[in-house]
Amino acid sequence: MIAVARLAILVGIAGLIPFIGLLAGLFFMPQYSVALLGYFYLYSAGILAFMAGVYWPIAMQLDNCCYPLSPLMTMLLSQVFFVAAGIGLLLPVSGQIVLYTIAYLALYLVDARWMKVYWPAWYLRLRLVLTSVVLVCQLTAAAWFLLLHTAH
């Protein structure tokens, strides 16, 4: 039987493959850049929404507790990140760049600041690594887009 930590690490790392692969596609298959960038942000939205979903079951377990966040605040955080993921899909690429970069950073900061009491230490270390890679991918996609559009 595989341990939860190992499975989470494996799934987390596997979840980086589309970020990195789609980003690589921008550089190696520029003729498909519009579609690849669209898929990159679609995947960004899906993962952000998925990650936002972890707050919902925590909120239900908190019941009448209020430390470090109340159940209401935890559920609201879940919805803020979920809605941000969906709204991002409606924005032009320049808006997606800003929204998803800030949202991924904010999601990690919420976990590290207010939700850390609910996570095992290994999870926060994993989240730091995964979030760092995702942020590098987001910033690289942003740089690629800005360079492409300022070069003309």
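Nearest approach of T131 to Y108, heavy atoms of both residues: CG2-CB, 3.7 Å. A pairwise comparison of heavy atoms in L146 and T150 identifies O-OG1, 2.7 Å as the closest pair. Taking each heavy atom of L130 and G12 in turn, the nearest pair found is CD2-O, 3.5 Å. Here the closest heavy-atom approach between residue L23 and residue C137 is recorded as CD2-CA, 3.8 Å.
L105 and V80 sit in two unconnected hydrophobic clusters of ILVMFWY residues. Membership requires side-chain heavy atoms under 4.5 Å apart, directly or through other members. Criterion: ILVMFWY side-chain heavy atoms under 4.5 Å apart, direct or through other members. Under it, L72 and V117 are not part of a common hydrophobic cluster. I58 and W122 fall within a single hydrophobic cluster, where Ile, Leu, Val, Met, Phe, Trp and Tyr are joined by side-chain heavy atoms under 4.5 Å apart, directly or via other members. Follow the hydrophobic side-chain contacts under 4.5 Å out from L148 and you reach L37 in the same cluster. Taking hydrophobic clusters as Ile, Leu, Val, Met, Phe, Trp and Tyr residues chained together by side-chain heavy-atom distances below 4.5 Å, I20 does not share a cluster with L139.
Enclosure of atom CE in M73 is not indicated, since only 12 or fewer non-hydrogen atoms of other residues, nucleotides or ligands lie within 6.0 angstrom. Atom CH2 of W144 sits in a crowded spot, with more than 12 heavy atoms from other residues, nucleotides or ligands closer than 6.0 Å.
Atom-to-atom distance recorded for I102:CD1 and L109:CG is 11.5 Å, nearest 0.5 angstrom. Taking OH of Y123 as the reference point, atom CG of L128 lies at 12.0 Å (rounded to 0.5 Å). The line from OG of S33 to CZ of F27 is 11.0 Å long, rounded to the nearest 0.5 Å. Atom-to-atom distance recorded for Y55:OH and L77:CG is 6.5 Å, nearest 0.5 angstrom.
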Could you go through residues 93-101 and list every donor-acceptor pair under 3.5 Å that involves a side-chain atom there, pairing it with any protein atom two or more places apart or in another chain?
unit_1	atom_1	unit_2	atom_2	d
Q96	NE2	G88	O	3.0
Y100	OH	A85	O	2.7
Y100	OH	L89	N	3.2
T101	OG1	I97	O	2.7

Taking only distance into account, with no hydrogens and no angle test, what donor-acceptor pairs under 3.5 Å do side-chain atoms of residues 40-54 form with protein atoms, sequence neighbours excluded?
unit_1	atom_1	unit_2	atom_2	d
Y43	OH	G15	O	2.8
S44	OG	F40	O	2.9
S44	OG	Q138	NE2	2.8

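Residues V133 and F19 have side chains not in contact (no heavy-atom distance under 4.5 Å, counting atoms from C-beta outward).
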*Could you walk me through whether V129 and I13 pass the side chain to side chain contact (heavy atoms under 4.5 Å, CB included) check?*
CA-CA 9 Å; V129 170; I13 291 170; over 6 Å; no
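Under the side chain to side chain contact (heavy atoms under 4.5 Å, CB included) criterion, Y32 pairs with M29, L36, sequence neighbours left out.
Each of I9, V4, V11 was compared with L7 under the side-chain contact (heavy atoms from CB on, under 4.5 Å) criterion, and only V11 meets it.
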